[in-house]
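Report on the structure given below.
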Amino acid sequence: MLTFEMSAGERTIVEPSRKIPVIDDVDVLVIGVGTAGSAAALAAARNGARTLAVDVGGYVGGTGSAALMCLYTIPYSKTYGICREFIDGMADRGGAVRGPVIPFDPESFKQVALEKLQQAGVRLLFYTWAVDTIVQGGVVKGVVIENKSGRQAILAKVVIDASGDGDVAAGAGAKFVLGRETDAKMRPMSVVFRMGPVDVTRIKAYRDAHPQDFSPDPGHNILDIEQKIVRLDGFFDIVRSANSRGVLDKNIHYLRLYGIAGETGNLYINTVRVYGVDGTKTEDLTRAQQESMRQIRQIAAFVKAEIPGFADAVILETAVMMGVRETRRILGDHVLGIEDCGSARRFRDVIMTAEAHMVPGVEIHSPDGGEGAANDAYVAGIELPFNEFSVPYGSLLPSGLDGILVAGRCISTTHEADGWTRSQPMAMQIGQAAGTAAALSVRSNRPPRQVDIDALQRTLREQRANIILPGENISSPEHGV
Ligand SMILES: Cc1cc2nc3c(=O)[nH]c(=O)nc-3n(C[C@H](O)[C@H](O)[C@H](O)COP(=O)(O)OP(=O)(O)OC[C@H]3O[C@@H](n4cnc5c(N)ncnc54)[C@H](O)[C@@H]3O)c2cc1C
């Protein structure tokens, strides 16, 4: 209970200091059991650490499950480690397709990842916010949480911040960059939604008759009824016509559809775009949610009336979690830049190597809008190659702090480089590396910054991660181990 002590003109409440119970003391504490956090917790436990994973939701998967972002946009052949293991687990149950891109069922991810976490002995605490960070002499010692049971503390030898927003590292005083370096603008938010039933054969007939109406990039233009893969960016002309008639907002330039669907099925629509909002502010998240629902009403009515195959479709589901693309990036020992990615720089302390469907200079989901317009290279302009890039361990180590690693979209990169590292297969590879490093740190009784990098790389390779060291010429663990 707090006493109301508001003095004239001062709108604050005094919260007296109090003791809070320490409910656990673990080796590795993972905050956020989303894309990166699920891989991090699994890797930490498999490598021998007593691991507790905390999430504000009641499920695992974060953006990939609750935000319905259920598509890996790289081919199966370019996936590794725990990411591939999750895909295989889902595909074996019909919940994912091992194709040139990988659509998956978010419910399948929740089940497969949860089972693996439980089998590995990870303990979970759902419906729990991490609200503050416990730091002593620059070393993170644990996290303060809040949930139905009140305010409590959890201590840990190593904390992994996989909250997406870098909440724990920021709470420990880590320096960070919010959004784009030049103006702090962030990529747009989206609420993804699902519609069905859709007659995919009618979409295919339209796509085949109007190839110019779709992205020129083969990876953004996949409709394979036999394999049950839909991943389409386009309908540019129909959307433009709807813009001119006032049926669709002028800043919507294309439709992005994906899902597991044969001749008929349900498709996810990732076309809502809300600009000028900050995912670290609850007022902005609330505004973005309401604006997204307005856009969903408009887009759903439009596709039902005008997109071939959608005549019988209704809205089946809207994501329960806001799709936040960008907020804080924690400043680490190494800030991964576009010059690193573009030159395929090899690092002595590499913890993951991957191939991104990106080129330097191409913006993905620009904070300035215009996505899908004729001058947007990523969606409408060019055929994108796959380019190798690597992430060093230094990008997971917040500068000036120890006892903590970051994983997922809050790692230390620039805004441009984050276009390469932010996708889910990358986030999972980074998560696997963070979890493995945390376990080795505990086992060797050394802080994360002093983990034996050779041992880390060896362990990651043994566990099917992809790592290419300077001077090496191997490109996958199949060849490397
Ligand atoms: C709309 C949208 C479309 C995208 N499209 C694609 C795509 O097509 N393909 C692709 O591969 N990637 C895509 N991405 C990028 C990718 O999905 C994300 O960058 C990636 O999932 C981020 O992973 P993460 O682990 O950092 O965060 P998340 O997966 O979001 O996980 C963070 C977790 O932390 C929890 N959490 C947050 N704060 C706290 C706290 N304080 N206390 C406790 N728990 C907390 C959350 O509940 C969540 O479970 C898209 C992203 C968005 C938003």
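In each ligand, atom 1 is the first atom listed, and ligand 1 is the first ligand listed. One is the number of the first residue; the rest follow in order along the sequence. All values reported here derive from a predicted model rather than from experimental measurement.
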Nearest protein heavy atom with distance in Å, relative to [atom]:
atom                    : value
atom 29 (O) of ligand 1 : Thr35 OG1, 2.7 Å
atom 41 (N) of ligand 1 : Asp167 OD2, 2.8 Å
atom 30 (O) of ligand 1 : Thr63 OG1, 2.6 Å
atom 52 (C) of ligand 1 : Arg325 CG, 3.8 Å
atom 45 (C) of ligand 1 : Val56 CG1, 4.0 Å
atom 37 (C) of ligand 1 : Ser163 O, 3.2 Å
atom 13 (C) of ligand 1 : Met69 CG, 3.9 Å
atom 35 (C) of ligand 1 : Asp55 OD2, 3.3 Å

Ligand 1 atoms in contact with [X] (distance to a heavy atom under 4.0 Å):
X      : value
Gly323 : 53 (C)
Pro425 : 11 (O)
Val324 : 53 (C)
Gly408 : 26 (O)
Ser190 : 1 (C)
Gly32  : 33 (C), 34 (O), 35 (C)
Leu71  : 7 (C), 8 (O), 9 (N), 10 (C), 11 (O)
Gly62  : 29 (O), 48 (C), 49 (O)

Ligand 1 versus [X]: contacting region, heavy-atom distance under 4.0 Å:
X      : value
Asp165 : neither
Ala162 : backbone
Asn270 : side chain
Gln424 : both
Met321 : side chain

Decide if the gap between the ring center of [X] and the ring center of [Y] is smaller than 6.0 angstrom.
X      : Y      : result
Phe109 : Phe86  : yes
His334 : Tyr393 : no
Tyr59  : Phe126 : no
Phe104 : Tyr72  : yes

Donor on one side chain, acceptor on other, [X] and [Y], under 3.5 Å:
X      : Y      : answer
Gln111 : Glu107 : no
His415 : Glu363 : yes
Glu317 : Asn266 : no
Ser215 : Asp233 : no
Arg207 : Asn221 : yes
Thr436 : Thr459 : no

For [X], is the nearest heavy atom under 4.0 Å from an atom of ligand 1?
X      : answer
Ser38  : no
Met426 : no
Val168 : no

Is the NZ or CZ atom of [X] both under 6.0 Å from the centre of the six-membered ring of [Y] and within 45° of that ring's axis?
X      : Y      : result
Arg98  : Tyr76  : yes
Arg464 : Tyr80  : no
Lys148 : Tyr127 : no

Before you tell me yes or no, could you show the steps for Tyr254 and Phe214 under side chain to side chain contact (heavy atoms under 4.5 Å, CB included), namely the whole-Å CA-CA distance, both residues' side-chain angles and the distance that decides it to 0.1 Å? CA-CA 9 Å; Tyr254 75 121; Phe214 293 86; over 6 Å; no
Any N or O on [X] sitting closer than 3.5 Å to an N or O of ligand 1?
X      : value
Gly37  : no
Ala36  : yes
Arg422 : yes

Listed partners of Asp249 passing salt bridge (Lys or Arg N to Asp or Glu O under 4.0 Å), at least two apart: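 Here the qualifying residues are Arg294.
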If you look at every heavy atom in Arg273 and Asn251, which pair is closest and at what distance?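 Here Arg273 and Asn251 meet closest at O-ND2, 4.5 Å.
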With atom 43 (C) of ligand 1 as the reference point, say which of Asp161, Thr128, Val406 has the nearest heavy atom.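 Looking at heavy atoms only, Thr128 sits closest to atom 43 (C) of ligand 1.
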For atom 40 (C) of ligand 1, which of the options Trp129, Phe126, Tyr258 provides the nearest non-hydrogen atom?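 The nearest heavy atom belongs to Trp129.
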Set out, in order, the CA-CA distance, both residues' side-chain angles and the distance that settles side chain to side chain donor-acceptor pair (under 3.5 Å) for Glu371 and His365, then state yes or no. CA-CA 6 Å; Glu371 189 180 320; His365 307 302; 3.0 Å; yes
